[in-house]
Amino acid sequence: QTVVTQEPSFSVSPGGTVTLTCALSSGSVSPSYYPSWYQQTPGQAPRTLIYSTNIRSSGVPDRFSGSILGNKAALTIAGAQADDESDYYCALYMGSVISVFGGGTKLTVL
Amino acid sequence: QITLKESGPTLVKPTQTLTLTCTFSGFSLRTSGVGVGWIRQPPGKALEWLAVVYWDDDKRYSPSLKDRVTITKDTSKNQVVLIMTNMDPVDTATYFCAHRLNNGSYFAVWGQGTLVTVSS
């Protein structure tokens, strides 16, 4: 069974830049997996940030960007702010298995 | 503006069947490329995709749950229903429904979620 892997936790200083990644247990992530990224604060529903690798959802600031870095999907947050402190999930499209979510990354801004 | 809202029981007993309803507005499940999916999240754990139904009634299920889960749509009522049989305490989770778009293959808008506890 395919496993999608993310860093369990990451920290960034206010104003800094951080890149979170999303990897496959076997193989490389490519645009054909349509990587998407979601932000979730405790007790809230996920919010869609990025889809199709690098397209920002409506209303998402351009501090958030998506890409493919090497064999992984990546989410970069520039100019980190206190309210960016959240859990971030990636999801990959696997054809008949519509979406496989990663385990999530808990981002701390301090 | 697209909105979705989940409804159903907050507590079910082990072995019982769970029925959740997602009522949505701001889009139609008659529109090509549109779907509604269900995702769950056990307390303190990651998101897990369960099922999706598309405008053309194509239905897809998570391989790990496909024997227990059924998804249906009622286009006239703007509702999607998830049925999960043989509930177990490990199925305790917040259940979200979400607007799915084929163009980009992603969940675009999420409901607020509903917590379902499985306990005797």
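Sequence lines set the chain letters: A, B, ... in the order given, protein chains first and strands last, and positions in each chain run from 1. Values below: all heavy atoms of this structure, side chains included; hydrogens, waters and symmetry mates excluded.
- With rounding to the nearest 0.5 Å, the separation of CD1 in A:Ile98 from CG in B:Asn102 is 7.5 Å.
- Minimum heavy-atom separation, A:Gly102 to B:Ala46: O-CB, 3.8 Å.
- Of the residues considered (A:Gly103, A:Pro46, A:Ser52), A:Pro46 shows the highest number of contacts with chain B, using heavy-atom pairs under 4.5 Å.
- Ring-plane geometry between B:Phe107 and A:Phe101 is classed as parallel, the angle between the planes falling under 30 degrees on a 0 to 90 degree scale with a further cut at 60.
- Heavy atoms closer than 4.5 Å to chain B are found in the side chain of A:Tyr38, but not in its backbone.
- One hydrophobic cluster, built from ILVMFWY side chains closer than 4.5 Å, cannot hold both A:Trp37 and A:Met94; they sit in different ones.
- Under a hydrophobic-cluster definition in which Ile, Leu, Val, Met, Phe, Trp and Tyr are linked whenever side-chain heavy atoms come within less than 4.5 Å, directly or via other members, A:Leu20 and A:Tyr34 are assigned to different clusters.
- No donor-acceptor pair closer than 3.5 Å links the side chain of B:Tyr106 to the backbone N or O of A:Thr48.
- When the side chains of ILVMFWY residues are joined at heavy-atom separations under 4.5 Å, either directly or via intervening members, B:Val116 and B:Val69 end up in a single hydrophobic cluster.
- The cluster map of Ile, Leu, Val, Met, Phe, Trp and Tyr, joined by side-chain heavy atoms under 4.5 Å apart, puts A:Val29 and A:Ile50 in different clusters.
- A 6.0 Å sphere centred on CG of B:Asn103 holds no more than 12 heavy atoms belonging to other residues, nucleotides or ligands.
- Among the candidates B:Arg100, B:Lys45, B:Gln112, the residue making the largest number of heavy-atom pairs closer than 4.5 Å to chain A is B:Arg100.
- The CG atom of B:Leu47 sits 10.5 Å away from atom SG of A:Cys90, with the distance rounded to the nearest 0.5 Å.
- At a 4.5 Å heavy-atom cutoff, the contact between A:Ser36 and chain B is made by side-chain atoms alone.
- Two residues are said to be in side-chain contact when any heavy atoms from C-beta on lie closer than 4.5 Å; A:Tyr89 and B:Gln41 meet this criterion.
- Note on A:Val3 and A:Tyr93: separate hydrophobic clusters, where clusters join Ile, Leu, Val, Met, Phe, Trp and Tyr whose side-chain heavy atoms are under 4.5 Å apart, directly or indirectly.
- The part of B:Ile39 that comes within reach of chain A is its side chain, from C-beta onward, which places non-hydrogen atoms under 4.5 angstrom from that chain.
- Considering all non-hydrogen atoms of both residues, B:Trp110 and A:Ala45 come closest at CB-CB, 4.3 Å.
- Residue B:Lys73 qualifies as enclosed at atom NZ: its count of foreign heavy atoms under 6.0 Å is above 12.
- Taking the side chain as every heavy atom from C-beta outward, A:Tyr51 and B:Leu101 never approach each other to under 4.5 Å.
- For A:Gln40, the part lying near chain B is the side chain, with the backbone staying farther off; criterion is any non-hydrogen pair under 4.5 Å.
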